[in-house]
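Take this structure, written in structure tokens, and hold onto it; I'll ask about it next.
Everything quoted here is computed from the prediction, not taken from an experiment.
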Amino acid sequence: MMKRILFLGVAILTVNTFIMGCKSKTEKQKAKENQETTQELTLQVDEILEKADSLLGCEVNVEAVCTHICAHGGRKIFLMGSDDSKMLRVEAGEKIGRFKPECINNLVQVKGILAEQRIDESVLVNMENEAKNQTGEKHGATGDGCESSQKARGEQVGADLNQRISNFRKRIAERQEKEGKNYLSFYHIEGLSYKIIK
């Protein structure tokens, strides 16, 4: 009788371990599949901007119309969302090198890592010092950055540096009051690969 109870106990334990092992393996497989699906899922610019905080540092795929390529080496393109107030900058990085001019006005699919650029008071003071010492980089027709960069940051296109800095300070104060954050967040993709979809 004792042998029978012992045998039955070992059998139950073995079956239970097997079932738990299968269940654990199935859950691990599902988690891995979900992660792979997320990485392969192609998002729109609006979706990335809406979920940016949760996607920071993650590999994302985006597909959108390229509205601008920086003439300064072709190392940046801008992808447009549902309208021109929703723009996402993509930086070529080492793996891409530079973007082809054919990107302009075409649908482009980009894979890359979502990154954040913060503008706070220290950045603004640095901008003021560079302007005073004339040591800042010059981009765009006026030297204050290209229109696409300004649109992507929600700036008034064509504003001079003093207006831009003043506007940034106002927006930082508004965000501080609403969210308790004393900086502005601007998102971009550090490109790993891309293709032009005509």
Would you check if the side chain of E130 reaches a backbone N or O of M127 as a donor-acceptor pair within less than 3.5 Å?
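Looks like no, no N/O pair under 3.5 Å.
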Taking CZ in R98 as the centre, count heavy atoms belonging to other residues, nucleotides or ligands within less than 6.0 Å. Is the count above 12?
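No, CZ of R98 has 12 or fewer neighbouring heavy atoms, counting only those of other groups under 6.0 Å.
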With side-chain contact (heavy atoms from CB on, under 4.5 Å) as the test, would you mind laying out the steps for I196 and L107 before giving the verdict?
CA-CA 6 Å; I196 300 168; L107 197 59; over 6 Å; no
Looking at side-chain heavy atoms only, is the closest gap between Y183 and I172 below 4.5 Å?
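Counting from C-beta outward, Y183 and I172 never come under 4.5 Å.
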Please list, one pair per line, the donor and acceptor atoms closer than 3.5 Å that link side chains of residues 187-194 to other protein atoms, with sequence neighbours excluded.
unit_1 : atom_1 : unit_2 : atom_2 : d
Y187   : OH     : D53    : OD1    : 2.7
H188   : ND1    : R89    : NH2    : 3.2
Y194   : OH     : K100   : N      : 3.0

Quick one about T42 and E63 (side-chain donor to acceptor, distance below 3.5 Å, no hydrogens or angles considered), yes or no?
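Per modelled atom types, E63 and T42 side chains form no pair under 3.5 Å.
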Less than 4.5 Å apart, side chain to side chain, heavy atoms only: is that true for V110 and N61?
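They are not in side-chain contact.
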Apply side-chain contact (heavy atoms from CB on, under 4.5 Å) to residues M80 and H68 and explain how you reach the verdict.
CA-CA 9 Å; M80 187 171 85; H68 179 75; over 6 Å; no
If Ile, Leu, Val, Met, Phe, Trp and Tyr residues are connected whenever their side-chain heavy atoms lie under 4.5 Å apart, and connections chain through other members, are V108 and I197 in the same group?
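Looking at the clustering, I197 is in a separate group from V108.
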What I'd like to find out is whether the side chain of F99 reaches to under 4.5 Å of the side chain of C70, using heavy atoms alone.
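No, side chains not in contact.
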Begin from the C-alpha positions of R169 and E128 and carry the test salt bridge (Lys or Arg N to Asp or Glu O under 4.0 Å) through to its verdict.
CA-CA 12 Å; R169 283 194 171 114; E128 289 171 328; 2.9 Å; yes
Taking Q176 for its side chain and N182 for its backbone only, find out whether a donor-acceptor pair lies under 3.5 Å.
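Yes, Q176 side chain to N182 backbone: donor-acceptor pair under 3.5 Å.
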For N167, which residues count as a side-chain contact (heavy atoms from CB on, under 4.5 Å) partner, sequence neighbours excluded?
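Expected list: R171.
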Among V45, T67, L79, whose side-chain contact (heavy atoms from CB on, under 4.5 Å) with M87 holds?
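So, applying the side-chain contact (heavy atoms from CB on, under 4.5 Å) to M87 and each of V45, T67, L79, only T67 qualifies.
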Under 4.5 Å between side-chain heavy atoms, hopping through other hydrophobics if needed: is there a path connecting V90 to L49?
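V90 and L49: one cluster.
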Hey, does the side chain of D46 reach the backbone of S82 with a donor-acceptor pair shorter than 3.5 angstrom?
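Indeed, once roles are kept as given, a pair shorter than 3.5 Å links the two residues.
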Would you kindly confirm whether L43 and L114 end up in one hydrophobic cluster when ILVMFWY residues are joined by side chain heavy atoms under 4.5 Å apart?
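Same hydrophobic cluster.
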Quick check on the hydrophobic clustering: are L124 and F186 connected, directly or via other members, by side-chain heavy-atom contacts under 4.5 Å?
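Result: yes, single cluster for both.
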Checking E179 now: which residues fulfil side-chain contact (heavy atoms from CB on, under 4.5 Å) with it, not counting sequence neighbours?
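E179 satisfies side-chain contact (heavy atoms from CB on, under 4.5 Å) with R175, K181 once adjacent residues are dropped.
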